[in-house]
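What follows is a single structure, written as structure tokens, with notes after it.
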Amino acid sequence: MNKILGFEGIGYVAATFEVDETTKAKLLKDHLNVKTGNVDINGKKLAVKIGEDGKVGFGTGTEALLGIRVAYEMDGFCSVQIKGGVEEVPTSAALKGGVKKLAVDANGAIVEAEGGAEVRVVKPSEAEDLFASIIL
């Protein structure tokens with residue numbers, strides 16, 4: 001029998017947030033589709049933190065993970081999964097399983113950090129495959 005573990009979408013809850021200016025600029029620089037003029041990040045599960053102004057964006061590796069961006073609109077708003085299972089989230093380094101304190105780096109990857117949010121890592125990432133599955 002093949003046994004495949006799957007966590008995607010279990011307990012899914014998302015909310016809409018405005019994206020901070022620094023992150024908007026980075027998304028335009030790194031992910032602009034020149035044919036459409038849109039930021040093309042669909043399918044990329046980028047992590048975000050929430051700032052003091054209530055806007056979401058990438059961090060510096062010390063800000064607590066809020067959730068995973070699931071959609072981005074050109075009006076500067078995005079949908080963020082704030083609860084539930086998410087597979088294939090990029091990590092900035094190998095990450096072991098278990099309850100970890102996770103933060104967000106400048107590229108939208110998750111990183112273990114003392115000031116991070118407690119999150120369950122249910123499928124660790126490895127140096128050869130920097131993607132983890134988490135439950136928010």
Side-chain angles (χ1 to χ4, degrees):
M1 172 191 286
N2 289 334
K3 295 183 181 185
I4 300 173
L5 297 175
F7 302 96
E8 189 74 33
I10 295 173
Y12 178 89
V13 175
T16 302
F17 295 90
E18 188 172 356
V19 178
D20 68 39
E21 294 302 319
T22 303
T23 302
K24 279 193 241 182
K26 182 161 179 55
L27 290 172
L28 279 170
K29 177 181 171 279
D30 295 347
H31 300 284
L32 181 66
N33 181 326
V34 292
K35 290 183 180 180
T36 65
N38 293 326
V39 170
D40 188 9
I41 53 176
N42 291 332
K44 294 182 184 348
K45 298 175 182 173
L46 303 176
V48 293
K49 53 90 178 173
I50 191 161
E52 291 179 356
D53 58 1
K55 296 178 182 180
V56 298
F58 301 146
T60 60
T62 60
E63 295 94 341
L65 171 68
L66 168 68
I68 306 300
R69 186 222 41 87
V70 293
Y72 177 78
E73 300 296 330
M74 291 305 294
D75 63 0
F77 287 82
C78 70
S79 295
V80 177
Q81 182 174 347
I82 56 174
K83 190 168 185 175
V86 190
E87 295 178 354
E88 300 295 317
V89 178
T91 64
S92 61
L95 186 63
K96 294 182 179 180
V99 177
K100 303 291 179 189
K101 291 185 177 186
L102 299 181
V104 182
D105 76 5
N107 296 310
I110 54 176
V111 58
E112 197 167 358
E114 189 59 36
E118 284 194 355
V119 176
R120 286 155 195 81
V121 177
V122 292
K123 180 183 174 251
S125 68
E126 300 172 3
E128 310 81 42
D129 181 23
L130 292 176
F131 293 93
S133 294
I134 62 174
I135 298 178
L136 296 163

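Just so we're clear, the structure is a prediction, and the values are computed from it rather than from any experiment.
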Calculate, to the nearest 0.5 Å, the distance between atoms [atom1] and [atom2] belonging to [X] and [Y] respectively.
X: Phe131; Y: Lys123; atom1: CZ; atom2: NZ; answer: 9.5 Å
X: Asp129; Y: Glu88; atom1: CG; atom2: CD; answer: 6.5 Å
X: Asp30; Y: Asp40; atom1: CG; atom2: CG; answer: 12.5 Å
X: Phe77; Y: Lys55; atom1: CZ; atom2: NZ; answer: 8.5 Å
X: Ile82; Y: Ile68; atom1: CD1; atom2: CD1; answer: 12.0 Å

Checking side chain to side chain contact (heavy atoms under 4.5 Å, CB included) for the pair Thr91/Glu112: CA distance, chi angles, key distance, verdict? CA-CA 9 Å; Thr91 64; Glu112 197 167 358; over 6 Å; no
Among [options], find the residue that satisfies the side chain to side chain contact (heavy atoms under 4.5 Å, CB included) test when tested with [X].
X: Val70; options: Gln81, Lys45, Lys44; answer: Gln81
X: Val121; options: Val89, Leu102, Val99; answer: Leu102
X: Val86; options: Val119, Ile135, Ile110, Leu136; answer: Leu136

Is the backbone N or O of [Y] less than 3.5 Å from a side-chain atom of [X], with the two atoms forming a donor-acceptor pair by type?
X: Asn107; Y: Ala109; value: no
X: Asn33; Y: Lys35; value: yes
X: Arg69; Y: Ile41; value: yes
X: Ser133; Y: Val122; value: no

Full working for side chain to side chain contact (heavy atoms under 4.5 Å, CB included) between Ile50 and Val80: CA-CA 11 Å; Ile50 191 161; Val80 177; over 6 Å; no
Using the rule given for side chain to side chain contact (heavy atoms under 4.5 Å, CB included), can you reason through Leu27 versus Met74, listing the C-alpha separation, both sets of side-chain angles and the distance that settles it, and then say yes or no? CA-CA 10 Å; Leu27 290 172; Met74 291 305 294; over 6 Å; no
Side chain to side chain contact (heavy atoms under 4.5 Å, CB included) between Leu65 and Lys100, intermediate numbers included: CA-CA 11 Å; Leu65 171 68; Lys100 303 291 179 189; over 6 Å; no
